[in-house]
Amino acid sequence: MTTIASPQTLGTALRAARKRMGLTQPELALAAGVGVRFIVDLEGGKPTVRLEQVLRVVDAVGGSLVLSGLDAGADQAPGGSHGA
């Protein structure tokens with residue numbers, strides 16, 4: 001698992017995944033339904049990318065986004081407790 005702490009680490013991780021899959025930036029853009037410029041910016045660590053498109057790219061390289069250390073899902077967990 002890769003810890004993503006910045007746009008740069010996300011870009012580096014996605015570039016590595018793309019290369020492991022043997023994809024070019026245009027091929028990944030096509031698979032993810034985004035533009036090539038978006039892939040270039042994302043891999044370059046540009047901080048102003050759209051989350052929806054980031055998630056498409058993550059999915060296209062077979063990944064998923066997981067948040068840890070947050071209790072955000074507790075309200076939605078079946079049988080979860082809602083207070084003390």
Side-chain angles (χ1 to χ4, degrees):
M1 183 182 333
T2 302
T3 299
I4 304 299
S6 71
Q8 291 77 20
T9 56
L10 176 60
T12 299
L14 290 174
R15 180 183 302 113
R18 174 181 60 79
K19 288 184 175 187
R20 275 194 307 275
M21 295 177 73
L23 294 174
T24 64
Q25 288 177 328
E27 289 169 337
L28 177 56
L30 182 63
V34 300
V36 175
R37 182 79 237 166
F38 181 82
I39 298 297
V40 171
D41 289 346
L42 181 59
E43 289 186 356
K46 184 177 179 182
T48 56
V49 295
R50 292 184 53 198
L51 181 58
E52 179 181 4
Q53 291 175 311
V54 171
L55 294 174
R56 286 186 202 163
V57 175
V58 169
D59 183 60
V61 296
S64 64
L65 197 61
V66 176
L67 296 178
S68 63
L70 302 178
D71 198 19
D75 292 341
Q76 299 171 355
S81 174
H82 294 283

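Side-chain atoms are counted along with the backbone in the values below, which use heavy atoms only and exclude waters and symmetry mates.
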Residue pair R18 / L23: nearest heavy atoms and the distance that separates them: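 Smallest heavy-atom distance, with atoms named: NH1-O, 2.9 Å.
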Heavy-atom nearest pair, F38 first then V57, reads CE2-CG2, 3.9 Å
Is V58 linked to L28 within one hydrophobic cluster, defined over Ile, Leu, Val, Met, Phe, Trp and Tyr using a side-chain heavy-atom separation of less than 4.5 Å?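 Same hydrophobic cluster.
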Atom [atom1] in [X], atom [atom2] in [Y]: separation rounded to 0.5 Å?
X	Y	atom1	atom2	value
R50	L42	CZ	CG	13.0 Å
K19	Q25	NZ	CD	8.0 Å
L65	D59	CG	CG	11.5 Å
L10	R15	CG	CZ	10.5 Å

Decide yes or no for V40 and V36: does some side-chain heavy atom of the first lie under 4.5 Å from some side-chain heavy atom of the second?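 V40 reaches V36 side chain to side chain.
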Please evaluate residues E27 and M21 with respect to the criterion side chain to side chain contact (heavy atoms under 4.5 Å, CB included), reporting the C-alpha separation (whole Å), side-chain torsions for both, the decisive distance (0.1 Å), and the verdict. CA-CA 11 Å; E27 289 169 337; M21 295 177 73; over 6 Å; no
Using the rule given for side chain to side chain contact (heavy atoms under 4.5 Å, CB included), can you reason through D41 versus R37, listing the C-alpha separation, both sets of side-chain angles and the distance that settles it, and then say yes or no? CA-CA 6 Å; D41 289 346; R37 182 79 237 166; 2.9 Å; yes
Side chain to side chain contact (heavy atoms under 4.5 Å, CB included) for T3 and T9? Distances and angles first, verdict last. CA-CA 8 Å; T3 299; T9 56; over 6 Å; no
If only atom types and distance count, is the side chain of R56 paired as donor or acceptor with the main-chain N or O of G33 below 3.5 Å? yes
